[in-house]
Amino acid sequence: MSKNIDWSSLGFGYIQTDYRYVCRYRDGQWEEGGLETDANITLNECACVFQYCQACFEGLKAYYTKDGRIVTFRPDLNAQRMADTCARLEMPAFPVEKFVEAVKMVVEANADYVPPYGTGASLYLRPFMIGTNSVIGVKPAVEFEFRIFCTPVGPYFKGGVKPIALKVSDFDRAAPHGTGSIKAGLNYAMSLHPIMEAHREGFAENMYLDAATRTKVEETGGANFIFVTKDNKLVTPKSDSILPSITRRSLMIVAEKYLGMEVEHREVPFAEVPDFAECGLCGTAAVISPVGSINDHGKEIVFPSGKEEMGPVLTKLYNTLRGIQMGEIEAPEGWIVTVK
Ligand code: PLP
Ligand code: COI
């Protein structure tokens with residue numbers, strides 16, 4: 001039985017659900033792990049996560065399909081990306097297969113929180129890992145906790161698919177050779193001040209440029225950029241300090257294989273941005289969020305698709321991706337993992 005929640009008015013917030021998966025790492029190995037009901041964690045004040053921010057996370061969604069199944073989208077890629085993140089943060093990788101099994105366990109146990117088909121909402125899953133033992137000298141933890149909780153969510157940006165306004169940030173998100181390409185909690189800690197500054201000025205998010213030259217488009221605090229050229233190509237920025245978005249990698253395939261578009265994954269000079277026909281953000285939380293305008297130190301770039309509606313090409317990409325995720329359009333092999 002579905003919970004009594006007003007699904008269509010959900011924003012992107014936390015609603016505590018009944019079960020979460022917990023697995024602890026001690027004496028050099030992962031324990032068995034399983035579902036628990038306690039949403040709280042009690043740790044020593046000197047735990048590595050509190051002092052030196054040894055923490056990373058992932059994000060993925062579960063949905064009801066048209067034919068009544070509950071599915072997740074490419075969870076193996078989240079598992080692999082978390083393993084890549086862990087390698088950079090001196091954390092132990094959580095095995096990919098165990099990760100996918102844990103995702104299924106959490107979704108199945110909280111099935112009543114999966115928003116019904118057609119509501120536009122979904123169940124957001126948040127796998128994360130923290131260093132739990134006490135350390136005071138700067139060094140990695142030796143004990144860790146891997147967890148997955150879930151929460152039903154609606155659109156990430158207020159207004160759903162109405163175009164958002166961005167500003168070009170004077171802060172950097174990620175340094176060359178830094179941690180921009182992994183999903184470390186510290187990347188988001190550094191973004192809290194810039195995003196609040198952006199909000200105070202009336203913008204939904206920041207566009208970060210490359211830290212070294214401030215001439216190339218990187219990404220926002222929580223999503224990759226996609227652009228559409230006037231001659232219908234999909235262009236998406238390439239850089240070693242951008243998080244490799246699973247949505248973006250999927251959209252590149254959708255654009256090419258389903259919509260017959262040319263796709264370019266390359267450096268995008270900021271100077272080229274005013275030439276694009278459409279601009280959007282993509283990610284698990286953002287899905288595809290259209291960008292109506294970008295403010296560059298008082299100079300406003302407005303895309304031809306305008307400030308009121310998502311442009312025609314992004315709309316096609318959005319509908320095709322959502323159709324694949326909701327089981328209405330046949331998915332490439334392995335993209336849709338059925339939970340029940
Ligand atoms: N970029 C950043 C910085 C993110 O936090 C996210 C969210 O996960 C993304 C991009 C989008 O990645 P994905 O499509 O894998 O959710
Ligand atoms: C996601 O899209 O899953 C993210 O992690 C982005 C943001 C909520 C941090």
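Keep in mind it's a predicted model, so treat the numbers as computed, not measured.
- With salt bridges taken as basic N to acidic carboxylate O contacts below 4.0 Å, none links R20 and E145.
- Contact between S250 and W335 at its shortest, heavy atoms only, is O-CH2, 3.6 Å.
- In this structure, L77 is not a member of the same hydrophobic cluster as F57, with clusters built from ILVMFWY side-chain heavy atoms closer than 4.5 Å.
- For E267 and K238, the salt-bridge test fails: no basic side-chain N is under 4.0 Å from an acidic carboxylate O.
- Closest heavy-atom contact between F270 and D296: CE2-OD2, 3.3 Å.
- Salt bridge status for E58 with R126: absent, with no side-chain N to carboxylate O gap under 4.0 Å.
- The hydrophobic clustering, which links ILVMFWY residues whose side-chain heavy atoms are closer than 4.5 Å, places M326 and V103 together.
- Side-chain contact between F203 and S169: absent, with no pair of heavy atoms (C-beta onward) separated by less than 4.5 Å.
- Other residues, nucleotides and ligands contribute at most 12 non-hydrogen atoms within 6.0 Å of the CG atom of D27.
- Here E278 does not pair with K316 in a salt bridge; the nearest charged N to carboxylate O distance is not below 4.0 Å.
- Under a 3.5 Å cut-off, the side chain of T85 and the backbone N or O of K183 do form a donor-acceptor pair.
- At distances below 3.5 Å, at least one donor-acceptor pair connects side-chain atoms of K98 with backbone N or O atoms of E32.
- Cluster annotation: V339 is not connected to V153 through the hydrophobic network of ILVMFWY side chains, with a link wherever side-chain heavy atoms come within less than 4.5 Å.
- With D210 contributing its side chain and T213 its backbone, the two residues share a donor-acceptor pair below 3.5 Å.
- Residues V168 and L209 are in side-chain contact: their nearest non-hydrogen atoms beyond the backbone lie under 4.5 Å apart.
- Between Y124 and F12, the distance separating the two ring centers is shorter than 6.0 angstrom.
- H297 NE2: more than 12 foreign heavy atoms inside a 6.0 Å radius.
- A salt bridge links R214 to D172: at least one charged side-chain nitrogen sits closer than 4.0 Å to a carboxylate oxygen.
- No donor-acceptor pair under 3.5 Å is formed between the side chain of T236 and the backbone N or O of H265.
- Taking 4.0 Å as the cut-off between side-chain N and carboxylate O, E272 and R266 count as a salt-bridged pair.
- Proximity of K167 to E197: side-chain heavy atoms (C-beta onward) are nowhere separated by under 4.5 Å.
- No donor-acceptor pair closer than 3.5 Å links the side chain of T215 to the backbone N or O of P269.
- Using a 4.5 Å cut-off on side-chain heavy atoms (C-beta onward), V273 and F303 make contact.
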Given the rule in the salt bridge (Lys or Arg N to Asp or Glu O under 4.0 Å) test, do E219 and R248 qualify, once you have shown the distances and angles that lead to the verdict? CA-CA 12 Å; E219 59 177 323; R248 189 260 300 156; over 6 Å; no
Start with the C-alpha gap between F171 and M190, add the side-chain angles, then the distance that decides, and say whether side-chain contact (heavy atoms from CB on, under 4.5 Å) holds. CA-CA 9 Å; F171 297 97; M190 88 79 226; 5.7 Å; no
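- Side-chain atoms of N206 do not come within 3.5 Å of backbone N or O of Y208 as any donor-acceptor pair.
- Hydrophobic clustering places Y21 together with M129 (ILVMFWY residues linked when any side-chain heavy atoms are closer than 4.5 Å, directly or through intermediates).
- For the pair T17 and P152, the minimum side-chain heavy-atom distance is below 4.5 Å.
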Could you go through D84 and Q80, starting from their C-alpha distance and side-chain angles, then the distance that decides it, and tell me whether this counts as side-chain hydrogen bond (donor to acceptor under 3.5 Å, both in side chains)? CA-CA 6 Å; D84 297 342; Q80 187 53 55; 3.1 Å; yes
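- Here the side chain of N78 pairs no donor or acceptor atom with the backbone of L60 at under 3.5 angstrom.
- Inter-residue side-chain proximity for T119 and Y64 is flagged as unmet; no heavy-atom pair is nearer than 4.5 Å.
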Side-chain donor-acceptor contacts of residues 131-142 below 3.5 Å, not counting sequence neighbours, with atom names and distances?
unit_1: T132; atom_1: OG1; unit_2: E143; atom_2: O; d: 3.0
unit_1: N133; atom_1: OD1; unit_2: V142; atom_2: N; d: 2.8
unit_1: N133; atom_1: OD1; unit_2: E143; atom_2: N; d: 2.9

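- Crowding of E330 atom CD: a count of heavy atoms from other residues, nucleotides or ligands under 6.0 Å not exceeding 12.
- Pairing each heavy atom of A223 with each of L281, the nearest pair is CB-CB, 3.9 Å.
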Is there a side-chain contact (heavy atoms from CB on, under 4.5 Å) between I130 and F144 once you walk through the steps? CA-CA 6 Å; I130 52 174; F144 299 86; over 6 Å; no
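- A centroid separation of less than 6.0 Å is found between the aromatic rings of F227 and F225.
- Taken together through direct or relayed side-chain contacts under 4.5 Å among Ile, Leu, Val, Met, Phe, Trp and Tyr, L10 and Y14 form parts of separate hydrophobic clusters.
- Taking the six-membered ring where the residue is Trp, the centroids of F146 and F99 are separated by under 6.0 Å.
- Taking the six-membered ring for Trp and the full ring otherwise, the centers of F73 and Y63 sit at least 6.0 Å from each other.
- Enclosure of atom CZ in F149 by more than 12 non-hydrogen atoms of other residues, nucleotides or ligands within 6.0 angstrom is indicated.
- Shortest non-hydrogen contact noted between M105 and G34 is CE-CA, 4.2 Å.
- Checking side-chain atoms of R173 against main-chain N and O of I242 turns up no donor-acceptor pair under 3.5 Å.
- Of the possible donor and acceptor atoms, none in the side chain of Y318 sits under 3.5 Å from a partner among the backbone N and O of L321.
- Residues V291 and P163 approach most closely at C-CB, 4.1 Å, considering heavy atoms.
- Looking only at side-chain heavy atoms (C-beta outward), S293 and K307 come within less than 4.5 Å of each other.
- In this structure, T179 contributes its side chain and I182 its backbone to no donor-acceptor pair below 3.5 Å.
- Across all non-hydrogen atoms, the minimal contact from R147 to N40 is NH2-O, 4.0 Å.
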